[in-house]
2 protein chains.
Amino acid sequence: MFQFSKKVEYALIAIRHMTVGHRGQIYTTKEISDKYQLPYELLAKIMQKLVKQHFILSYQGVNGGYVLSRNPAEIRVSEVINAIEGKSAVTIVACEAGTPDDCNIHTTCTIKNPLIKLQTNINKVLDELTVLEMFS
Amino acid sequence: MFQFSKKVEYALIAIRHMTVGHRGQIYTTKEISDKYQLPYELLAKIMQKLVKQHFILSYQGVNGGYVLSRNPAEIRVSEVINAIEGKSAVTIVACEAGTPDDCNIHTTCTIKNPLIKLQTNINKVLDELTVLEMFS
DNA sequence: GTTAAATAAGACTCATTTAGTCCGAGTTCA
DNA sequence: TGAACTCGGACTAAATGAGTCTTATTTAAC
C-alpha cells in the first residue's frame with residue numbers, strides 16, 4: 001500500500017527524460033526503454049496514455065516519436081497518476097457509500113469521514129508537487 | 001494505489017470500537033466482527049497482530065477477549081499501518097537500491113531522491129495523525 | 001474432569017490487481 | 001516497397017490481498 005505502480009514510475013521516468021533535451025526534441029519509446037531498461041511494450045502503452053491526456057504529442061511513422069507538450073513546471077504529480085491509473089487512484093478508504101444506507105456498517109461507521117480528511121491531506125501533497133520540482 | 005488495505009481498515013475499526021467503552025473493558029473478536037460485519041477469522045488475525053505490537057492486551061479462555069492497552073491519543077495512524085503490514089508500508093518508490101550499483105537504471109536514475117521527498121511528506125501526514133484525532 | 005468460550009497460529013484457497021507479452025494493424029519517410 | 005515508428009486490443013503470468021480452514025491452547029463454569 002502507498003506505493004507507486006510501475007506504470008506511474010515509468011511515466012515519471014519518461015516525462016523526466018523528455019525534460020532534459022531542448023524544447024521540441026523527439027524521443028522514441030525504444031530510446032527510453034533502452035536507456036532505463038524498461039519493458040518496451042509496457043512503456044509504449046504508457047506513452048499512448050500520456051498522449052491521450054495531452055502530456056506529450058505523438059508523431060507516427062519513420063523518425064516519429066514523442067514530444068513533450070506541456071511545461072514540466074505545470075505538470076502535477078497527481079495529474080500523472082490520474083492519467084495513468086485512469087481514476088482517482090488515491091482513495092484511502094474503500095467505503096464509497098454515499099449514504100449510510102449503502103454502508104453495511106453504517107450504524108457505527110465513523111471511520112469514513114476521518115479517512116477522507118487524511119485522504120485530502122495526501123492528495124494535497126501530490127497535488128502541490130510538480131514534476132519539475134520533483135526532479136530538482 | 002494509495003488505498004488502505006482491508007486489514008488496516010479493520011484494525012482501525014477495531015481500535016476505534018475499543019475506545020468507546022470504559023477503560024479496561026474487554027471486547028471479543030466475535031462481538032466486533034458481528035457488529036461491523038467483518039470476517040471473523042480475518043479480524044482474529046488482526047487482533048493477534050495488535051496484541052504483538054502491544055496496542056491491546058489479550059485474555060484467553062472463557063470470558064476472555066481484548067483490552068485496549070494504549071491511549072488512543074498516542075496511537076499514530078502510521079503505527080497501526082506498520083503493525084499490520086509488518087513493514088514500512090509507505091514506500092512510494094520501489095527502487096530500494098542502496099548504491100547506484102544496485103540500481104539497474106543507475107546511470108540516469110534521478111527519480112529516486114525526489115520520490116523519497118514525497119514519501120517523507122506523506123509519512124509525515126500519517127505520522128502526525130493520532131487515532132483519537134482521526135475519530136473526533 | 002468435562003464442556004464451552006475464547007485466543008493463537010499456520011496452511012491453504014480464491015479473487016483481484018498489477019506487470020508484462022503478443023500480435024496485427026496503421027502511418028510515414030526514404 | 002520496406003523499415004521505423006506509433007496504436008490498441010487480447011492475452012498470460014506473477015504478485016498481492018482477502019478470506020477460509022483446521023488444529024491447538026487457555027480458562028471459567030458446571
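If you're wondering where the values come from, they're calculated on a predicted model, not measured in any experiment. Residue numbers start from 1 in every chain, and the chains themselves are labelled A, B, ... in the order their sequence lines are given, proteins ahead of strands.
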* When the distance from CD of A/Gln60 to P of C/dG26 is rounded to whole Å, what number comes out? -> 11 Å
* Asked: A/Lys52 has an atom NZ; how far is it from atom P of D/dG8, in whole Å?
  -> 5 Å
* Structure fact -> Whole-Å distance, A/Ile26 CD1 to D/dT6 P, equals 10 Å
* To do: Please state whether the phosphate of D/dA28, meaning OP1 or OP2, lies under 4.0 angstrom from any side-chain nitrogen or oxygen of B/Tyr59.
  => no
* B/Tyr66 OH - D/dT27 P separation (whole Å) -> 14 Å
* Asked: Between C/dT7, D/dT20, C/dA19, which one does the side chain of A/Lys7 approach most closely?
  -> C/dA19
* **Of the listed nucleotides C/dA8, D/dC7, D/dA18, the one nearest the side chain of B/Gln48** => C/dA8
* Among C/dG20, D/dT6, D/dA18, the nucleotide that comes nearest once only the side chain of A/Tyr10 is considered -> C/dG20
* Expected output: side-chain A/Tyr27 to main-chain A/Gly21 donor-acceptor under 3.5 Å -> yes
* **Nucleotide C/dA8, atom P - distance to CE of B/Met47 in whole Å** => 9 Å
* To do: Without swapping roles, check the side chain of A/Thr130 against the backbone of A/Ile75 for a donor-acceptor pair under 3.5 Å.
  => no
* Structure fact -> Nearest-nucleotide check on DNA chain D, B/Val62 vs B/Pro39; residue mapping nearer the 5' end is B/Pro39
* **Separation of D/dG19 C1' from B/Lys49 NZ (nearest whole Å)** => 13 Å
* Would you please confirm or rule out a distance under 4.0 Å between OP1 or OP2 of C/dT7 and any side-chain N or O of B/Thr29? => yes
* Asked: Hey, is the side chain of A/Ser58 poking within less than 4.0 Å of OP1 or OP2 on D/dC7, counting only N and O atoms?
  -> yes
* Asked: B/Glu9 has an atom CD; how far is it from atom C1' of D/dG19, in whole Å?
  -> 15 Å
* Asked: Quick one: does B/Lys45 reach the base of C/dG10 with a side-chain donor-acceptor pair under 3.5 Å?
  -> yes
* Using the test side chain to side chain donor-acceptor pair (under 3.5 Å), find all partners of B/Arg70 that sit at least two apart in sequence or belong to another chain. => B/Glu79
* Would you kindly confirm whether B/Val125 and B/Val131 end up in one hydrophobic cluster when ILVMFWY residues are joined by side chain heavy atoms under 4.5 Å apart? => yes
* Asked: Would B/Leu43 and B/Val67 show up in the same hydrophobic cluster when neighbours are defined by side-chain heavy atoms closer than 4.5 Å?
  -> no
* To do: For B/Gly61 and for A/Asn63, find the nucleotide of DNA chain D with the closest heavy atom, then tell me which residue's nucleotide is more 5'.
  => A/Asn63
* Atom pair distance, as rounded to whole Å: CG in B/Leu42 and P in C/dT7 -> 15 Å
